[in-house]
Amino acid sequence: MGKAMLEIKNLHVSAEGQEILRGVDLVVNAGEVHAIMGPNGSGKSTLSYVLAGRPGYDITQGSIFYRGEDLTPLPPEARAAKGIFLGFQYPVEIPGVATMTFLKHALNAQRKWRGEEELDAMGVMKLVQREAGKLKISADMLKRPVNTGFSGGEKKRCEILQMAVLQPLLAVLDETDSGLDVDALRLVGDGVSALRTPDRAMIVITHYQRLLDHIVPDFVHVLSQGKITRSGGRELALELDREGYAGEQPPERIPARA
Amino acid sequence: MTASQALNSRISGMEAITDSAPPPVRAWRRDARGRYAGTGLPTRRDEAWRWTDLSPLYEHLTRPAPVAQTLKNAPDGPFSAIDCWRLSFVNGELQEASADLPAGVRAMSLRTALLQDPALAAQMGSNGASAFLSLNSALAEDGAFIHVAAGTKLTKPVHLVFSNSSDAQIRNLVVLEPRADLMLLESHFGPAETDYFVNQVSDVQLAEGARLAHYRDQAEGLAALHFHYLNARLEGDAHYDGFTLTRGAHLSRNESHMAITGRHAQCRLNGVNILGGDQVCDTTSVMAHQAPASTSTQMFRNVLAGKSQGIFQGLIRVAKPAQRTDARQQIKALLLSTQAVQKSKPELEILADDVKCAHGASAGQLDAGALFYLRARGIGEAQARALLIGAFLEECVAQIEGGSAQEAEHIQQAMQAVIGAWLARQLAVENV
């Protein structure tokens, strides 16, 4: 397995009988930021869900290894405890559970799973408030139920807050830029950039290059029709931004059924 | 012997016993016996009982009543840690009562109260069409009588503790004079394996500006049959805040008849029903607005595991003079298994033309998206489910008003703790 943090080989994934990923290969090392770009429906979100362990996706071929361990049999909570974080494109509203309470449960569940001592309410509060301040998240927002009634920007900032509190090793950020205005984009982009460390890797999934002005990637991949069709450096994102995804069709088109 | 023969013989047995009651009480009982004789026990052919199968009760009545057992101390419930004036009943008989009640408050055995003042019988409803009401009026020997004088506010709640192990017909009468203010707590419990039958009726009279916070924890044994009939009248500016937690009994029915007879009265009738196994809980309400500008809200949340059944029948009736009524009713059920069933029937009967009425009923499963979101943050599946179910119920528990914000928080937290313990047990069972 070498030093790779994440190694995806020939990954085929189906959902509801439809093949969505058709042979994805990807290696991500600690300290790297990979951007995955691609048109709508290319399988970007599916890849993120499969990494986080969402039920309902069948891996029909291939493998996913995370820090040398087969990830596929692990439930979502075990993956989270081992350091995988999914920033949701559409963070889910959970009425009745205060954001601070939710963070306390999440943090302590992960700590307990890893055999670490749980933090008391005061310890969690201090940690959360410190990170919330950086993201301009008010104490009032932390008292409100998770994502309930939050604006699009508030939801995305709250995702980054969760990432900052949970300190994952591999963060998969699914369209974190969608629904953000310029100021919110900068706030979120800077928040994510601040979490870049040599022992942490990130996969940033995005449709547009603009987020990558704030989170500068080491590698850019194009996912199209369930496969990575091109890989390159930062310049590939700029090229796609100029020229669009029109040319990104896989070599073998799937013949239309009669 | 059939069920109705068995009941008839219990009723004739009572005639001998109650001969010693004062004449007005005897007359009142005789009327109830007559009404009961006219209806008998209901069947599913009766519209009000269409969804609730009473065969466990019929079967129960063909057997001799279970022998009363001596129960150990009351199990912990949401009200255990609250400083109260307590009245303890065993199978409906008053055993012990706090003696240090403040001036203006009477809390005692109803039988004793009726001996002292037979005219009280007039304040006890018996005219309803319900066979369970008639039966209770014919058979009940004791229960609680609570009277709070005008303008008296109690500094701590009165707690009625009902320990049951045999059949009991329990009758309570709660009278709040103008501007009286009381928090009344009730706990019901009994042994797990005994199929005892409890039929309790509470008459509640709230005079002008009176305020009653009435919270119940029904934790009867899981083989028990529990019928509760609330007969309340609210005069002008009266305020009733009711909340029932149902977690016990094999078969239970909470039937509430709320008559709002005065202007600007406010009535809140809420409840959480958490059921598993083959438990059935029927919530039936009639919210009758008879005077202008009154408000009522009803919020019920059911969490149904195993093969349990939740039943809700709620009628809002707005009489012609009751203009500017604001009446809301909402029932939501969360089904934790594919075999659990919720049946809901909201009904409106509106004769006034300037009213606001809203009702909603829904039943569904836990949101898979929310469950995954919590798990993706490291929260294990059982805990994630418990959190979501707790949040679903929290909305209803948070309605408990108490007498003060502090008191409300206290009771809400105690209710949540009991619900949390139930959830932990239920989810552990489900995972087996």
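Labels below follow one simple rule: chain letters A, B, ... track the order of the sequence lines, proteins then strands, and each chain is numbered from 1. It should be emphasised that the depicted structure is a prediction, and the values quoted were computed from it without experimental measurement.
To the nearest 0.5 Å, the span separating CG on Asn108(A) from CD on Gln383(B) amounts to 9.0 Å. A distance of 12.5 Å separates CG in Leu107(A) from CZ in Arg377(B), rounded to the nearest 0.5 Å. Rounding to the nearest 0.5 Å places CG of Leu388(B) at 6.0 Å from CD1 of Ile94(A). Here Lys112(A) contributes atom NZ and Ile379(B) contributes atom CD1; the two are 12.5 Å apart, rounded to the nearest 0.5 Å.
Considering only residues two or more places apart in sequence or on other chains, His188(B) meets the ring pair (Phe, Tyr, Trp, His ring centres under 6.0 Å) condition with Phe162(B), His226(B).
By the 6.0 Å contact criterion, NZ on Lys307(B) is open, its count of non-hydrogen atoms from other residues, nucleotides or ligands being 12 or less. By the 6.0 Å contact criterion, CZ on Phe150(A) is enclosed, its count of non-hydrogen atoms from other residues, nucleotides or ligands being greater than 12. Within a 6.0 Å sphere centred on CD of Gln365(B), heavy atoms belonging to other residues, nucleotides or ligands number 12 at most. Atom NZ of Lys104(A) sits in a sparse spot, with 12 or fewer heavy atoms from other residues, nucleotides or ligands closer than 6.0 Å. Residue-environment remark: CD (Glu347(B)) exceeds the threshold of 12 foreign heavy atoms within 6.0 Å.
Between Phe102(A) and Tyr373(B), the distance from one ring center to the other falls under 6.0 angstrom.
Contacts of Pro145(A) with chain B are absent, with no heavy-atom separation under 4.5 Å from either backbone or side chain. Contacts of Leu86(A) with chain B are made by both backbone and side-chain atoms, with heavy-atom separations under 4.5 Å. In this structure, no portion of Arg79(A) lies under 4.5 Å from any heavy atom of chain B.
The nearest pair of heavy atoms linking Arg54(A) to Gly369(B) is NH2-CA, 3.8 Å. Contact between Gly53(A) and Phe372(B) at its shortest, heavy atoms only, is C-CE1, 3.8 Å. Here the closest non-hydrogen pair linking Gly378(B) and Ala109(A) is O-CB, 3.2 Å.
In terms of heavy-atom pairs under 4.5 angstrom with chain B, the leader among Ala81(A), Pro95(A), Pro91(A), Pro76(A) is Pro76(A).
For Glu77(A) (side chain) and Glu381(B) (main-chain N/O), a donor-acceptor pair under 3.5 Å exists by modelled atom type.
Using a 4.5 Å heavy-atom cutoff, the side chains of Val92(A) and Leu374(B) are not in contact.
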